[in-house]
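Reviewing the structure listed below.
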Protein chains: 2
Amino acid sequence: MIRLSRLSDYGIVILTRLAREPGRAMAASTLARATAVSTAMTGKILKLLVRADILVSQRGVRGGYALARPPETITVAQIIEALDGPIALTSCADPLVHACGIESLCPARDGWRRINRAIREALAGITLAEMARTVPDVPPPNLETRPRAAASEPAAATIGAR
Amino acid sequence: MIRLSRLSDYGIVILTRLAREPGRAMAASTLARATAVSTAMTGKILKLLVRADILVSQRGVRGGYALARPPETITVAQIIEALDGPIALTSCADPLVHACGIESLCPARDGWRRINRAIREALAGITLAEMARTVPDVPPPNLETRPRAAASEPAAATIGAR
DNA sequence: GGGAAATAGAACCGAACCGGTTCTGTTTCA
DNA sequence: TGAAACAGAACCGGTTCGGTTCTATTTCCC
């Protein structure tokens, strides 16, 4: 199956959490608890998202992370690109990389490009705001203090059956 | 980056080749030569595609592989599912698997489903016929006898930059 | 009828990649 | 000045993937 790396997987969960209170900044440790993603992993992800200008960070004692822009303007495609690099099923379609060697002959060349574009557009069409909006009406019961037990299973669990 | 396994990568190339002459059956070795994919790999892929009813096979001396249906009815989604299993970026959205543990709380749950659907629809919207149709007008110069040199690079080469 | 050609299927292996951790450095605030 | 928090890089073990190899079975043709 096509699979999303856990980095992106967790990243989206974390951002979704932040998007529920767009103004508020939260510390990495708090976000880790809120999403049941390990603190180390959370930190790694948050740093990557800062570099991609999706988050802004405040260092120091009262520091934390907050969305750099309104969640309506952040797309899933941007998040995945920030965490896992360019969205392209095959580099065949990447005009920069010439790994193929038989590009000019490759009968599927244009097809690849088409596929990649379809995927990218699909992911660019979903905003973080939409992701956060789909939370059930019931205000999720105080995730922050949820017993650590639930954390044994990673938040947005794993990947397709192999 | 979201990445497509080489199985699917090569598979699409191979099928594209077959789709250029939908009626004709070709031996695995011939297809391998035509696509510059190793014979072993080609064989593996072809067998999987037969199991998925995308190809039909004829055993024995004059055997070979041919499309089981017109290329217009074969979608990229079907091909990928045949070779790599179900298309789902995360199993979070798979109603069968309950790996998450905190499903009912997961704020991104519906979002995942939305993402997965978008991807699946994008891939289901591209048919093998379309892939094959994009071959440049120039009839590709007799791939069957192309010098083996070109095969040092795999056909539809690799995957996003890491 | 037998052998060659071709597919079917499973098992196997090395290596790259990924998920995850740890450590050190820097910034900020009280 | 020290604790809390972010920044960044290095590191490591395990899983998975790409690819090969081997054996069995089918079919055609001489």
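Values below: all heavy atoms of this structure, side chains included; hydrogens, waters and symmetry mates excluded. Because the structure is predicted, anything quoted here is derived from the model rather than measured. Note on naming: letters A, B, ... go to the chains in the order of the sequence lines (proteins, then strands), and numbering restarts at 1 for each one.
- Closest approach to the B/Arg59 side chain among C/dA8, C/dC29, D/dG19 is made by C/dA8 (side chain taken as heavy atoms from C-beta onward).
- For the pair B/Lys44 NZ and D/dC22 P, the computed distance is 15 Å after rounding to whole Å.
- Per the geometry, CG belonging to A/Leu4 stands 17 Å off P belonging to D/dT16, to the nearest Å.
- Without hydrogens or angle criteria, A/Thr35 side chain to A/Leu31 main chain gives a donor-acceptor distance under 3.5 Å.
- The CG atom of B/Leu128 lies 10.0 Å from the CD atom of B/Gln78; values are rounded to the nearest 0.5 Å.
- Going from atom CD of A/Gln58 over to atom P of D/dA5 covers 13 Å, rounded to whole Å.
- The side chain of B/Ala27 lies closest to C/dT7 when the candidates are C/dT28, C/dT7, D/dT27.
- Under the 3.5 Å distance criterion, the side-chain polar atoms of B/Ser8 are left unmatched by any main-chain donor or acceptor of B/Leu4.
- Side-chain N or O atoms of A/Thr16 include one that pairs as donor or acceptor with a backbone N or O of A/Ile12 at under 3.5 Å.
- For B/Met41, taking side-chain heavy atoms from C-beta onward, the closest of the listed nucleotides C/dG25, C/dG20, D/dG18 is D/dG18.
- In this structure, B/Tyr65 places its OH atom 14 Å from C1' of D/dT27, rounding to the nearest Å.
- Using a 4.0 Å heavy-atom cutoff across all strands shown, A/Ala40 reaches at least one base atom of the nucleic acid.
- At a non-hydrogen distance threshold of 4.0 Å, A/Lys47, A/Arg51 from residues 45-52 of chain A come into contact with DNA chain D.
- With A/Thr30 contributing its side chain and A/Met26 its backbone, the two residues share no donor-acceptor pair below 3.5 Å.
- Here CD1 of A/Ile45 is found 11.0 Å from NZ of A/Lys47. Values are rounded to the nearest 0.5 Å.
- Under 4.0 angstrom from either OP1 or OP2 of D/dA4 there lies no side-chain N or O belonging to A/Ser29.
- The separation between B/Arg6 atom CZ and C/dA15 atom P is 16 Å, rounded to whole Å.
- Among the nucleotides D/dA7, C/dT28, C/dA8, the one closest to any side-chain atom of A/Ser57 is D/dA7.
- Using a 4.0 Å heavy-atom cutoff across all strands shown, B/Gly64 reaches sugar-phosphate atoms only and no base atom.
- Between atom OG1 of residue A/Thr75 and atom CD of residue A/Glu130 there is a gap of 10.0 Å, rounded to the nearest 0.5 Å.
- Rounded to a whole Å, the CG atom of A/Leu7 is 6 Å from the P atom of C/dG19.
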